[in-house]
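Worksheet: the structure to be examined is printed underneath.
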Amino acid sequence: MLPDQPFDLSATLQSGQTFHWHAWEGGWLGSIGDDPVWVRQTAGGLEIIPQGMEEKVRGYFALDHDVVAMMRSFPAGDVPLATALAFCPGLRILRQPLWECLATFITSSLKQVPHIRKISLTLRERFGVELPTVMEGAPKLYGYPTPQALAEAGEGALWECGLGYRAAFLHRAAVDLAAGRVDAAMLAGQSDDEARATLMQLHGVGEKIANCVLLFACERLAAFPIDVWIERVLHQLYFARKRRRTAEQIRKFAARHFGPYAGYAQQFLFHHARLTKLRPGASDASRGPAGQLLRPAP
DNA sequence: TTTCAGGTGATTG
DNA sequence: CAATCACCTGAA
């Protein structure tokens, strides 16, 4: 199984799209929907356990995405983007199950990655189904709990998973999805703007989370989630020395400048920034054109 | 002990 | 519209 385009399994799984995979035996153990799987990247391609998961792995990791075509579609003179892309061309935008992605990002607000991961794993363990073992001695895996399971569990039980005020958001969303107010088929028939509006009808889902879901679960590759990090990156790289832009201005800039694969551009920029400029002790080579280290606002 | 973190919704000018 | 604020929790 050999992708014909650049692919970096580890980087993709650590790029803030999904939070439930375990590093295990030189590869990654996790689940695609309710199918447990272990994947290791080697020089020759991907090693997958168990057999029979090849197509699901291809779909989940979007190995059919044409990264080369995306590169060509990006603005030719955009040096920061070209730099970020060259830093890790193997990043992929995953095709995640809708509810799993939606629910996970609802629990992500004002949380750091380890917290999001912890909450996600706790919810799985308490309310999800245990999945079959694919590797001896490995951590137990659980599917993401269904909307019905979380709706029935009740807000109080969710609160006890350390969600805080997010428990109410997640519970209401679970109830709404269990009632069929939003589903993948409905979103599939809608334009990006319509689908975004549909998602934002859910309590606790604002523009940022809606865009994450569109991008990471609905294959809307033009969706451009703007969180505090990407906002800083854009300011540093594209709006240097200019006054602060509104979210609306940033959104319009991203759509116009990056085009139909804006979501991928966002992912490349985000990943590059997190692993270089935003880290303490980052080298000069990783600094932006302005020559300043990017830091969180004081 | 205080601050802050991968947002959202409600409330003000 | 845009700015401001509260909000659970956990880690630095």
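Note on naming: letters A, B, ... go to the chains in the order of the sequence lines (proteins, then strands), and numbering restarts at 1 for each one. All values below were derived from every heavy atom in this structure, side-chain atoms included, with hydrogens, water molecules and symmetry-related copies excluded.
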For A:F61, is the NZ or CZ atom of A:R95 found under 6.0 angstrom from the centre of its six-membered ring and inside 45 degrees of the ring axis? no

Stem segments of DNA chain C by first residue number [Watson-Crick or G-U, under 3.5 Å, at least 3]: B:2-5 with C:9-12, B:7-13 with C:1-7

Sorted by first residue and then second, give each ring pair (Phe, Tyr, Trp, His ring centres under 6.0 Å) pair with at least one member in residues 199-220 of chain A; sequence neighbours left out. A:F105-A:F216, A:F169-A:H203

Below 3.5 Å between N/O atoms, which protein atoms pair up with nucleotides 10-13 of chain B? Just atom names and distances, please.
none

Can you tell me, in whole Å, how much space there is between the P of B:dT3 and that of C:dC5? 15 Å

Compute whether any side-chain donor of one residue and acceptor of the other, for A:T198 and A:Q190, lie under 3.5 angstrom apart. yes

Can you tell which of A:R92, A:Q5, A:E219 makes a side chain to side chain donor-acceptor pair (under 3.5 Å) with A:H65? A:E219

Heavy atoms under 4.0 Å, any strand shown: does A:I230 hit a base, just sugar-phosphate, or nothing? nothing

Nearest whole Å is fine: how far is B:dG6 P from A:F105 CZ? 13 Å

Base, sugar-phosphate alone, or nothing: which one does A:L202 contact when heavy atoms must sit under 4.0 Å apart? sugar-phosphate

Roughly, in whole Å, what's the span from CD in A:E231 to C1' in B:dG6? 12 Å

Rounding to a whole Å, what distance do you find between A:R245:CZ and C:dA2:C1'? 16 Å

So A:R40 and A:E25, salt bridge (Lys or Arg N to Asp or Glu O under 4.0 Å) or not? Walk me through it. CA-CA 8 Å; A:R40 175 163 64 184; A:E25 295 290 321; over 6 Å; no

Show your reasoning for whether ring-ring contact (aromatic ring centres under 6.0 Å, His included) applies to A:F270 and A:Y264. CA-CA 10 Å; A:F270 180 79; A:Y264 258 95; over 10 Å; no

Can you check the A:H271 NE2 to B:dG6 C1' distance for me, whole Å? 15 Å

To the nearest Å, how far apart are A:E207 CD and B:dG9 P? 11 Å

Sorted by chain and number, sequence neighbours left out, side chain to side chain contact (heavy atoms under 4.5 Å, CB included) with A:A149 holds for A:P145, A:T146

Distances under 3.5 Å only, N/O to N/O: pair up the protein atoms with those of nucleotides 9-11 of chain C.
{"from": "C:dT9", "atom 1": "OP1", "to": "A:W159", "atom 2": "NE1", "distance (Å)": "3.1"}
{"from": "C:dT9", "atom 1": "O2", "to": "A:K111", "atom 2": "NZ", "distance (Å)": "2.8"}

Roughly, in whole Å, what's the span from CG in A:L269 to P in B:dG6? 18 Å

Rounded distance (Å) that lies between atom C1' of B:dG9 and atom CD of A:Q201: 16 Å

When we call it a touch if two heavy atoms are under 4.0 Å apart, what does A:V113 touch: a base, just sugar-phosphate, or nothing? base

Quick check: does any side chain N or O of A:R117 sit under 3.5 Å from a backbone N or O of A:W21, one acting as donor and the other as acceptor? yes

My understanding is that only residues two or more places apart in sequence, or in another chain, count here; which of them pass side-chain hydrogen bond (donor to acceptor under 3.5 Å, both in side chains) with A:Y144? none

Does A:Q17 offer a backbone N or O that forms a donor-acceptor pair with the side chain of A:Q96 under 3.5 Å? yes

Specify the separation, in whole Å, of atom CH2 of A:W229 and atom C1' of B:dC4. 11 Å

If the plane angle is over 60° it's perpendicular, under 30° parallel, otherwise tilted; pick one for A:H271 and A:F87. tilted

For A:G204 and for A:I116, find the nucleotide of DNA chain B with the closest heavy atom, then tell me which residue's nucleotide is more 5'. A:I116

Looking at the rings of A:F253 and A:F224, which for Trp means the six-membered one, are their centres under 6.0 Å apart? no

